[in-house]
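What follows is a single structure, written as structure tokens, with notes after it.
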Amino acid sequence: MLSDIEIAQQAKMKKISEIANSIGIKDEEIEPYGHYKAKISDELIERVKDNKNGKLILVTAVNPTPAGEGKTTVSIGLAQALAKIGKKSIAALREPSLGPVFGIKGGAAGGGYSQVVPMEDINLHFTGDMHAITSANNLMCAILDNHIQQGNELGIDPRRVLIKRCLDMNDRALRNIVCSLGGKLNGVPREDHFIITVASEVMAILCLSEDLFDLKNRLGNILVAYTYDNKPIYCKDIKANGAMTVLLKDALKPNLVQTLENTPAIMHGGPFANIAHGCNSVRATKTALKLADYCVTEAGFGSDLGAEKFLDIKCRLANLKPDCIVLVSTVRSMKYNGGVAKDKLTEENIEALKKGSVNLGAHIENLKKFGIPVVVAINHFYADTEKEIEFVKNFCKEKGADFAVTKCFAEGGNGGTELAQKVVNACEKQNNFHFLYDLDMSVYEKIETIAKEIYGADGVDYSKEAKKSIEEFIALGADKMPVCMAKTQYSLSDNPALLGRPANFRITVSSANLSNGAGFIVCRTGSIMTMPGLSKSPAAYKIDIDENGNTVGLF
């Protein structure tokens, strides 16, 4: 089979104006970036705002394993499959980050015959959204340091600066630095840090903003520092949010592209789910719901991370109600959770499958707690046996979830028509969607509810630093905000080595920070890195230009 990039380079793309017209968007309502990608204008969003909403389908997954689950591939394949069975569908996805593209995880444009295109553009600079977010964040940091340098009228304590500079790249050398060295003219020396752009609060804010003025207001509410006498300083206090909004004016507009089968796709925003809320933008999702009968969106990593945050944070803040949840898993991932080594996953092993099925079972049970119909999608691999598939099918039935095998990677939309029909049926079932916790609960009760109900923990412990921070946030009036848990994606617990369905463990909150503009409290557990590093052999080693000027090695 051809590589992903070879398949993408052979795609028969339609001009982006044709894609737009197919879902009722006029030529003048898009802002083209070349022939095959465009920004959706504010005028279009205003025109369709009173349209009836289509069905909202959330695609999530089990805890990721080295074998790969293919959540984005299934999301794109499902959108294509819905079109195959005669439904008007749109995929609403996140944008890739350059860090994983050149690191180890890969891009976020799908795979095989279920990809969004132009794949190279999307995985690299796209329409410049990531660069705009990086610039806006770093402008805020520059203005704050300049304020301190130019007399520090607000009395900002350099030891209590909370905001961090960012870069859309994996670069461990920038995690902990000292800035402003070189004498009086170069500023006040202090410890500083870089985070990856997708971990920044500016990214989270862009994805949760309803419009340009909501964006400006949220940016102004970013908690940037404390004064020497412990008073909070916000972004609006250092007069940075206006200029930041100007930098983000175009980035706020959703991006329109297409799949390999010319199904419309809106890609916009991309916060990481183990650090932030892990969903594409509210504007993209709401626009897709107004333009199609079925909107397929995804949340990052496993259902314990992205899906929980999609449901408890994004849906709550944006007043969204999912009609169906698709839970992606594989036979291989279940065997891996059952203790099988990566190089043995192609061998039939029913006993390991039974042992590892507890992880899938936990995710099904977690999602059903939100009152939404669940369909399990088994992403098919060549070595899967009929006996293994039959076991998973019966297991899902016992857990009260519908089930479908998908072959979207190898067959595109045709490989997902069974799943598409199951999803259509699920969208018509009784839906009692509700949140996991109430905002009136205390911060500690919210954290404990997530830990016990979703992770299966016995309870929660707090470091002295985390407890102090949370008490400060409560004093600032943030106790009615939802909680965004930063946790490893590899386990239901906060220990990545605990596979399957861990029991008899406690979650430890090591630190906390307030994303005041985004509207949630972030609690970090375990050793979560907000600035990843490159591996010993990063993907960048394989990416190159051939003698004809074509990109090679990009997946």
Side-chain angles (χ1 to χ4, degrees), residues 3-5 8-9 33-34 36-37 39 64 71-72 93-111 115-139 141 164-175 177 193-207 247-248 250-252 254-255 257 265 267-281 284 298 300-301 306 489 528-545 550-555:
S3 68
D4 288 353
I5 192 166
Q9 287 171 341
Y33 280 59
Y36 304 112
K37 55 188 186 288
K39 285 285 185 183
K71 172 164 52 68
T72 304
L93 308 171
R94 296 172 298 159
E95 299 177 50
S97 163
L98 286 178
V101 167
F102 290 106
I104 193 169
K105 181 177 176 289
Q115 297 185 56
V116 280
V117 285
M119 185 264 254
E120 291 173 59
D121 293 6
I122 291 168
N123 275 314
L124 298 175
H125 301 291
F126 201 14
T127 57
D129 293 348
M130 292 293 180
H131 304 313
I133 293 165
T134 302
S135 297
N137 180 90
N138 293 344
L139 172 64
C141 295
K164 298 175 176 64
R165 287 169 166 81
C166 70
L167 188 70
D168 191 30
M169 193 59 62
N170 291 5
D171 192 349
R172 64 171 56 83
L174 294 177
R175 286 175 186 159
I177 65 170
H193 311 269
F194 270 79
I195 58 177
I196 193 166
T197 297
V198 288
S200 69
E201 186 179 352
V202 176
M203 168 63 82
I205 286 172
L206 182 95
C207 289
L247 279 175
L248 294 169
D250 289 330
L252 186 63
N255 307 296
V257 287
M267 298 190 74
H268 194 218
F272 278 178
N274 56 347
I275 297 167
H277 66 291
C279 312
N280 74 321
S281 77
E298 67 171 344
F301 294 126
Q489 64 268 34
I528 290 295
M529 289 289 183
T530 52
M531 171 53 86
L534 293 174
S535 65
K536 190 171 183 179
S537 182
Y541 287 176
K542 302 173 184 176
I543 299 171
D544 205 345
I545 295 289
N550 298 314
T551 301
V552 295
L554 191 66
F555 321 120

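Note that this is a predicted model, so its numbers are computed, not measured. These values consider heavy atoms only, across backbone and side chains, with no hydrogens, waters or symmetry-generated copies.
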Open item on the list: Using 0.5 Å steps for rounding, measure from the NE2 atom of His193 to the OG1 atom of Thr530.
Closed with: 9.0 Å
Open item on the list: Could you check whether any side-chain heavy atom of Met130 comes within less than 4.5 Å of a side-chain heavy atom of Val198, counting everything from C-beta outward?
Closed with: yes
Task: Closest contact, heavy atoms only, Ile133 versus Ser200 - done: CG2-OG, 4.0 Å
Open item on the list: Less than 4.5 Å apart, side chain to side chain, heavy atoms only: is that true for Pro538 and Phe102?
Closed with: no
Open item on the list: Using side-chain heavy atoms (C-beta onward) and a distance below 4.5 Å, is Met119 in contact with Gln9?
Closed with: no
Open item on the list: Given 3.5 Å as the limit, does a donor-acceptor pair link the side chain of Asn280 with the main chain of Cys207, or not?
Closed with: no
Open item on the list: Has His268 got a side-chain atom pairing as donor or acceptor with Ala251's backbone, closer than 3.5 angstrom?
Closed with: yes
- [ ] Supply the atom-to-atom distance Gln489 CD to Phe272 CZ, rounded to the nearest 0.5 angstrom.
- [x] 9.5 Å
Task: Ile196 vs Asn170 side-chain heavy atoms within contact, under 4.5 Å - done: yes
Open item on the list: If I compare all heavy atoms of Leu247 with all of Ala132, which pair ends up nearest, and what's the gap?
Closed with: O-CB, 3.7 Å
- [ ] Could you give me the CA-CA distance, side-chain angles and deciding distance for Asp129 and Leu206, then say whether side-chain contact (heavy atoms from CB on, under 4.5 Å) is met?
- [x] CA-CA 10 Å; Asp129 293 348; Leu206 182 95; 5.6 Å; no
Open item on the list: Give me the atom names and distance for the closest heavy-atom approach of Val101 to Asn123.
Closed with: CG2-O, 3.4 Å
Open item on the list: Would you say that Asn550 contacts Ile545 through its side chain, given a criterion of any heavy-atom pair below 4.5 Å between the two side chains?
Closed with: no
TODO: Keeping the roles fixed (side chain from Gln115, backbone from Asp4), state whether a donor-acceptor pair exists under 3.5 Å.
DONE: yes
Open item on the list: With heavy-atom distances below 4.5 Å as the criterion, would you say the side chains of Ile122 and Pro96 are in contact?
Closed with: yes
Open item on the list: Using 0.5 Å steps for rounding, measure from the CG atom of Leu174 to the CE atom of Met169.
Closed with: 11.0 Å
- [ ] Supply the atom-to-atom distance Ser3 OG to Lys542 NZ, rounded to the nearest 0.5 angstrom.
- [x] 12.0 Å
Open item on the list: Are Thr197 and Asn137 packed together at the side-chain level, in the sense that at least one heavy-atom pair is separated by less than 4.5 angstrom?
Closed with: no
Open item on the list: Donor-acceptor pair, distance only, cut-off 3.5 Å: does the side chain of Lys39 make one with the backbone of Asp250?
Closed with: yes
Open item on the list: Looking at Arg172 and Leu534, would you say the former's side chain and the latter's main chain have a donor-acceptor pair under 3.5 Å?
Closed with: yes
Task: Sub-4.5 Å side-chain heavy-atom contact between His131 and Leu98 - done: yes
Task: For the student: nearest non-hydrogen atoms of Gly306 and Cys279, plus distance - done: O-SG, 4.4 Å
TODO: Would you name the heavy atoms of Pro64 and Phe301 that are closest together and state the gap between them?
DONE: CG-CD2, 4.0 Å
TODO: To the nearest 0.5 Å, tell me how far Met203 CE sits from Arg94 CZ.
DONE: 10.0 Å
Task: Asn255 side chain vs Met267 backbone, donor-acceptor pair below 3.5 Å - done: yes
Task: Phe194 to Met531 - nearest heavy-atom pair and separation - done: O-CB, 3.4 Å
- [ ] Taking Glu120 for its side chain and Leu554 for its backbone only, find out whether a donor-acceptor pair lies under 3.5 Å.
- [x] no
Task: Ion pair check, Asp121 and Lys37, cut-off under 4.0 Å - done: yes
TODO: Using the side-chain contact (heavy atoms from CB on, under 4.5 Å) rule, take Val257 and Val117 through it: C-alpha gap first, then chi angles, then the decisive distance, then the call.
DONE: CA-CA 7 Å; Val257 287; Val117 285; over 6 Å; no
